[in-house]
Amino acid sequence: MWSSVKSELTRRLADRIRNLYEVDHDPVVEIPPRRDLGDIAFPAALHLARVVKRNPRQIATEILEGLELPPEVRSVEIAGAGYLNAFLQRSAGAAHLLAESAVAPSAAGSKTVIEHTNINPNKAAHIGHLRNSVLGDILAKTLRELGHTVEVQNYIDDTGVQVADVVVGFLDIQGLDAAAVAAIPEPFDYYCWDLYSQVGRWFEEDPERLTLRRSTLHELESGSGPRADIGRLVARRIVARHLKTMARLDISYDLLTHESDILGLDFFRQAFDRLVASGAIHLENSGKNEGCWVMPLAESEEFAGLEDPDKVIVRSDGTVTYVGKDIAYQLWKFGLLGRDFEYRYWDEQELWQTTTTDGVAKHPSFGGAHDVINVIDIRQSYLQKIVRAGLEALGHPEAAERSVHFAYEMVALSTDTARQLGYIDDDADPDEEGKSLEMSGRKGVGVKADDLMDQLIAKAREEIESRDRELAADQLTQLARDIAVAALRFFMVKASTHRIIAFDFSEALSFEGESGPYLQYALVRAENIRRKLAASGLETEVAPEIARQLPEELWSDDLWDLVLCAAQIGDTLEKAGSTLELSLIARHALDLAQKFNALYHRHPMLHEENEDLRRVRLVATRVFSKALMDLARILGIPTPDRM
RNA sequence: GCGCCCGUAGCUCAGCUGGAUAGAGUGUCGGCCUCCGAAGCCGAAGGUCGCAGGUUCAAAUCCUGCCGGGCGCACCA
C-alpha cells in the first residue's frame with residue numbers, strides 16, 4: 001500500500017501540474033519531519049516557483065484545488081513555504097501492514113553471483129575480513145529478499161604469494177615435512193598467523209631468501225612437488241578453519257572456487273589466448289617489464305596518470321598475476337569462458353567446491369550469472385578496474401558493465417585498542433596520538449575474528465548472568481551466542497561502506513545504544529507483552545479486518561509514526577540493494593527499535609481499559625515486530641524471544 | 001605528480017537526488033524499577049557543519065579554490 005499510494009499520488013500530481021501549467025514535472029517525494037505535518041510531502045510547488053513565476057503557496061493552492069485523492073489518503077494540506085502534505089488513513093494503512101509484508105520482491109529472479117570473504121588461506125581471519133564477510137552475507141540476503149537468485153562464492157587463492165610464504169616458513173625455516181605440518185594441532189590458523197609474520201621478518205633479514213618464495217610459487221602453480229603438497233595441506237586446513245569461524249556468524253557459501261583449479265583446468269590459458277588474439281595484451285621486449293605479458297592502459301581515460309601505464313598479466317618467470325587469473329574467473333562467472341570447473345562435495349564442511357580432476361557427474365549448475373558483485377576492499381579498486389577492462393577488451397562490454405565492485409573501507413585499530421594489544425608503546429610519538437593503526441596480516445597486527453567472538457560471547461554470558469534469567473545451561477550458551485552474533489554483525493554493517501572503521505574493543509563489546517542487542521531487546525519486549533496479554537486472557541492478535549475498523553482518532557501521532565516507519569522498510573531494502581549501502585538497513589532497524597522503545601513507556605497495553613485503544617497499540621506493536629523481524633533476518637541478527 | 005575517500009556536538013557517526021527548528025549513540029549532569037523486562041525511558045548541557053568564494057527564493061548538501069587526514073597508482077593481493 002505504501003509504495004502504491006506514493007506512486008498514485010505522484011501520478012495524479014504530475015497530471016494536475018501538466019493540466020495547469022503545461023509542464024512535465026516529476027514530483028519529488030519526501031517524508032515530513034513530524035507526523036503532525038503529514039505522512040508524505042511534495043515540494044513540487046517550491047520547485048515549480050521558478051518555472052511558473054509565482055509564489056509557491058499560491059501554486060500549491062492551485063494544484064490542490066480539484067486534486068482527486070486516492071481512497072488511502074485522508075487529506076492533503078498546504079504547509080510551510082508551499083509543501084503539499086498528504087495524510088493517510090491510519091487504521092486502513094496499519095491493517096494493510098498486518099496482512100501483507102512491507103517487502104515486495106521486485107527483481108525478476110535473474111542470477112547474481114556474489115563473491116565475498118576471499119581470505120588468503122595462510123593465516124587466521126581477522127576483524128577486517130569479518131567486515132567483508134558480513135557485508136557480503138547481508139548483501140546476498142538483501143538481494144534474495146528482493147527476488148534475485150543469488151549464488152555466493154568464496155574464492156580461495158591457494159596458489160598465491162601468501163600461501164607460498166607460509167610454505168617457506170614450514171619448509172625452510174622450521175624444516176618440517178608434510179606429515180609434520182599435518183600433525184600440528186589446532187588452532188592451525190593461529191599457528192600460521194605467527195609463522196606468517198615470522199617469515200616476513202626472515203625475508204627482510206636477507207632478501208636473497210626471496211628466491212625461495214619464487215620457486216615455491218612456481219611449484220604451487222604447477223601443482224606437483226613437496227612444496228605444492230604442503231601448500232595444498234596448508235590451504236585446506238586454513239580454509240576449514242575460516243569456514244568454521246564464519247559459521248559461528250551464520251555465514252555460509254554456495255561454492256568454494258580455487259585458484260589452483262583455474263590454473264589446473266587451463267582457464268587462464270583459455271583467457272590468455274583470447275587476450276593475445278584480441279591484442280589486449282602483448283609481450284614486452286624491453287624496459288622494466290621485459291619478458292612480461294602486459295595490458296596497456298595508457299589509452300584508457302579511467303587509468304589516466306598512472307606511473308606505469310602497463311599492467312603485468314604474466315610475469316617474466318611465466319607465472320600469472322592475480323589479475324590475470326581473475327579475468328579468467330570473471331569470464332567464467334558470466335558463462336563466457338566456454339568451459340567449466342569440475343565439482344565435488346566437501347562432506348565435513350557441507351558445501352560444494354571446485355576441483356581439477358576428480359569431480360562428480362551430478363552437481364548443481366554454478367556460474368552463468370547475469371550480474372556479478374565482487375565484495376573486495378577499496379584498495380583493490382585499481383585491480384577490479386583492470387578486470388573490467390579485460391572483459392571489455394575481449395569484446396564483452398555488457399559483462400564489464402555488470403561487473404560490480406562492492407568496495408568498502410578498511411578496519412583499523414583504535415589507538416586505545418592498539419595500545420591495549422601492545423602494538424603501540426605508551427610513550428609513543430605524541431603526533432601519533434588519536435591515529436588508528438592499520439591491521440596487517442603480514443606483520444601479525446590485528447584482532448583475530450575468533451578471539452573477538454570469544455570475548456563477545458563471554459561478555460554476553462556475563463550480562464545475562466547478572467540478570468538472573470533462570471535459564472538452563474544450554475539455553476544460556478545459545479543466548480550468549482545469539483547476542484554476540486547480533487553485536488558483531490550489527491557493528492560491521494552499521495558503518496557506511498566508505499568509512500574506515502576504527503575498531504575499538506569497548507565500543508564493539510557494548511550492548512547498549514546503537515547495537516545489535518538493542519534491536520533484540522526491543523523485539524523481546526514486544527514479544528513479552530503478548531505473553532502477558534495471553535496470560536491475562538486478552539487477545540494477542542488483531543485481525544486486519546478488525547484493525548481496519550478501529551476509530552481513526554485513536555491513532556496518536558507517535559503510534560502512527562511507528563507504523564509509517566515500518567511501512568518504509570521495502571524502500572530501504574530497494575535503496576540498499578541498488579546503492580550497496582547496507583548501513584541503511586541497519587539504520588532503519590535502529591530507527592524502528594528506538595521508536596518502539598519510546599512508545600513502550602508511554603502506551604501501556606495490559607492496563608488499558610479501552611479495548612479499541614488497546615487494539616490500536618497492539619496493532620502498532622505487531623506491525624513493528626513484523627518489520628523489525630524482517631530486517632533482523634536480512635541483517636542476520638538472531639531474534640531470541642527472551643534475553 | 002595523478003586519482004579516490006574523509007573533515008558535522010568532548011568522542012563515534014546519521015543527515016537521501018538542495019527545502020520545514022542540524023539529528024542519533026556514547027560520555028557528562030539530573031530524574032524514572034510497589035506500574036507490559038532499567039541491555040530501557042525522560043530531561044539538561046554541548047555545534048563558526050574544516051576555511052574562503054560562487055550558484056540559488058533556499059546550501060551541511062551543488063560548483064571552484066585552499067587547509068588538514070587516509071588510501072591507491074607492484075613481476076603482493
Side-chain angles (χ1 to χ4, degrees), chain A residues 28 30-34 37 41 43 46-47 49-50 55-56 79-83 85 118 120 157 160-162 165 213-214 288-294 302-309 311-317 319-323 326 376-383 407 409-410 412 414 434-436 438 442 460 463-464 466-467 469 483 494-496 498-502 504 506-507 510-515 517-518 520-522 524-526 528-533 535-536 575 579 581 583-584 587 590-591 594 597-608 621 642-643:
Chain A
V28 171
E30 290 175 16
I31 311 296
R34 296 190 318 270
L37 290 169
L46 281 77
H47 296 162
R50 247 171 108 190
N55 178 322
Y83 281 97
N85 288 350
N118 303 6
N120 273 303
D157 184 1
V161 170
Q162 300 213 18
D165 282 2
R213 172 193 277 174
R214 201 159 282 266
K288 73 182 186 93
N289 290 334
E290 185 176 353
C292 298
W293 287 85
V294 302
E302 215 177 2
F303 296 101
L306 288 184
E307 275 178 19
D308 184 346
K311 176 65 195 174
V312 172
I313 302 297
V314 180
R315 302 183 186 103
S316 54
D317 66 359
T319 58
V320 185
T321 60
Y322 165 81
V323 203
D326 215 30
I376 307 178
D377 76 65
I378 196 159
R379 292 189 304 194
Q380 299 197 38
S381 298
Y382 164 68
L383 294 184
E409 265 291 358
M410 312 303 295
S414 75
K435 284 186 186 171
S436 51
E438 191 185 341
R442 184 167 292 278
E463 294 284 337
I464 301 162
S466 74
R467 287 172 172 80
R469 292 287 191 248
I483 290 171
K494 80 171 173 183
S496 303
H498 52 79
R499 238 175 225 289
I500 296 172
I501 296 178
D504 190 84
S506 62
E507 192 194 343
S510 165
F511 299 159
E512 291 166 12
E514 296 179 337
S515 71
Y518 179 90
Q520 294 176 313
Y521 189 64
V524 162
R525 280 175 144 182
N528 208 36
I529 294 172
R530 296 180 71 220
R531 263 197 297 273
K532 291 270 163 76
L533 285 170
S536 306
K575 192 170 178 186
T579 62
E581 186 49 87
S583 64
L584 295 173
R587 293 273 156 208
L590 262 184
D591 207 18
Q594 279 168 350
N597 271 335
L599 293 185
Y600 177 88
H601 294 270
R602 281 203 295 271
H603 298 277
M605 248 177 269
L606 276 174
H607 307 289
E608 179 52 55
T621 302
R642 293 163 200 273
M643 66 188 279

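Throughout, protein chains are lettered first and strands after them, A, B, ... in sequence-line order, and every chain is numbered starting at 1.
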Donor-acceptor pair under 3.5 Å, S316(A) side chain vs C75(B) base: yes
From C36(B), C16(B), C13(B), nucleotide with atom closest to R499(A) side chain: C13(B)
Polar pair under 3.5 Å, donor/acceptor by atom type, side chain N85(A), base A20(B): yes
OP1 or OP2 of C6(B) under 4.0 Å from side-chain N/O of H498(A): yes
Nucleotide of A77(B), A20(B), U17(B) approaching L37(A) most closely (side-chain heavy atoms): A20(B)
Closest to the N597(A) side chain, choosing from A38(B), C41(B), A39(B): C41(B)
Pairing partner of A44(B) (Watson-Crick or G-U wobble, both distances under 3.5 Å): U28(B)
G-U wobble or Watson-Crick pairing nucleotide for C62(B) (cut-off 3.5 Å, both distances): G54(B)
Heavy-atom donor-acceptor pair, R467(A) side-chain to A39(B) base, under 3.5 Å: yes
Pairwise side-chain contact, I464(A) with I483(A), heavy-atom cut-off 4.5 Å (strictly under): yes
G-U wobble or Watson-Crick pairing nucleotide for C4(B) (cut-off 3.5 Å, both distances): G70(B)
Side chain of A598(A) - closest among C6(B), A39(B), C42(B): C42(B)
Atom pair distance, as rounded to whole Å: NE2 in H607(A) and P in C35(B): 8 Å
Residue-phosphate contact under 4.0 Å: Y322(A) side-chain N/O, A77(B) OP1/OP2: no
Rounded distance in Å between the C1' positions of U55(B) and C29(B): 45 Å
Strand partner of U21(B), provided both Watson-Crick or wobble distances fall under 3.5 Å: none
Nearest to side-chain heavy atoms of E507(A), which nucleotide of C16(B), U12(B), A74(B): U12(B)
Options C13(B), A39(B), C75(B), nucleotide nearest the side-chain atoms of R587(A): C13(B)
Atom pair distance, as rounded to whole Å: CD in Q380(A) and P in C73(B): 10 Å
Base partner of A14(B), which must satisfy Watson-Crick or wobble distances under 3.5 Å: none
Chi angles and distances behind the side-chain contact (heavy atoms from CB on, under 4.5 Å) call for R213(A), D165(A): CA-CA 6 Å; R213(A) 172 193 277 174; D165(A) 282 2; 2.9 Å; yes
M643(A), nearest nucleotide to its side chain (from C75(B), A77(B), A39(B)): A39(B)
Pair E438(A) + R379(A), salt bridge at N-O below 4.0 Å: yes
A59(B) and U21(B), which share atom name P, separated by this distance in whole Å: 13 Å
C33(B): syn or anti, per glycosidic angle within 90° of 0: syn
Proximity to the side chain of A41(A) - top-ranked nucleotide from A20(B), C75(B), A39(B): A20(B)
Any strand: nucleotide that pairs with C49(B) via Watson-Crick or wobble, under 3.5 Å: none
For C33(B), the Watson-Crick or wobble partner whose two distances fall under 3.5 Å: none
Distance-minimising heavy-atom pair for H601(A) and R525(A): NE2-NH2, 3.6 Å
Short side-chain N/O contact to A38(B) OP1/OP2 from Y518(A), under 4.0 Å: no
Side-chain N,O (S496(A)) to OP1/OP2 (A14(B)) below 4.0 Å: yes
Candidate nucleotides A38(B), A77(B), U12(B), ranked by approach to the side chain of Y521(A) - the nearest: A38(B)
Every protein N/O lying under 3.5 Å from an N/O of nucleotides 30-32 of chain B:
none

